[in-house]
Amino acid sequence: MLTPNRRHTDLSEKQQRIYETILSTTPDLIYIFDLDHRFIYANKALLKLWGCTRKQAIGKNCLELGYEPWHAAMHDVK
């Protein structure tokens, strides 16, 4: 028998898998920055565009990933 707490955990894990599937399979470019403008998430479409792996991209900023300075500056606007 599932306890309410375990049921909630199972639902959360299922939702997380659903979200990750959606984010990783969409052709749209999806990313998340931290407050220092470093990537903490990039989906497969964006990684393919950059030509690198998630491990290579996470923690870097736009300049470190080869963006032109004017383009990187657009992302730095608060």
Quiz item: Do L23 and I32 belong to the same hydrophobic cluster, where Ile, Leu, Val, Met, Phe, Trp and Tyr are linked whenever their side-chain heavy atoms lie under 4.5 Å apart, directly or via other members?
Solution: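 They do share one cluster, since a chain of ILVMFWY contacts under 4.5 Å joins L23 to I32.
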[atom1]-[atom2] distance between [X] and [Y], expressed to the nearest 0.5 angstrom:
X   : Y   : atom1 : atom2 : value
L65 : L47 : CG    : CG    : 9.0 Å
K14 : Q16 : NZ    : CD    : 14.0 Å
I40 : Y31 : CD1   : OH    : 12.5 Å

Quiz item: salt bridge (Lys or Arg N to Asp or Glu O under 4.0 Å): which pairs involve residues 20-29, sequence neighbours left out?
Solution: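 Listed by first then second residue: nothing to list.
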Exercise. If a pair satisfies salt bridge (Lys or Arg N to Asp or Glu O under 4.0 Å) and one of its residues is in residues 61-73, list it, with sequence neighbours excluded.
Key: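 Sorted result for residues 61-73: R38-E64.
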Quiz prompt | Under the side-chain hydrogen bond (donor to acceptor under 3.5 Å, both in side chains) test, residues paired with R54 that sit two or more places apart | solution =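 For R54, no residue satisfies side-chain hydrogen bond (donor to acceptor under 3.5 Å, both in side chains) once neighbours in sequence are set aside.
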Exercise. Over all heavy atoms of both residues, which pair between L46 and I30 is shortest? Give the atoms and the distance, please.
Key: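 So the two residues come closest at CD2-O, 4.0 Å.
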Practice problem: Provide the closest heavy-atom pair for P27 versus A45 in the form atom of the first, atom of the second, distance. | Solution: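 Taking P27 first and A45 second, the nearest heavy atoms are O-CB, 3.6 Å.
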Quiz item: So, T21 side chain and R17 main chain: donor-acceptor pair closer than 3.5 Å or not?
Solution: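 Indeed, once roles are kept as given, a pair shorter than 3.5 Å links the two residues.
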Exercise. Look only at the side chain of H37 and the backbone of H75, and say whether a donor-acceptor pair between them is shorter than 3.5 Å.
Key: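 Looks like yes, one N/O pair under 3.5 Å.
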Practice problem: On the 0 to 90° scale, with breaks at 30° and 60°, tag the F39-F33 ring pair as parallel, tilted or perpendicular. | Solution: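 F39 vs F33 ring planes: tilted.
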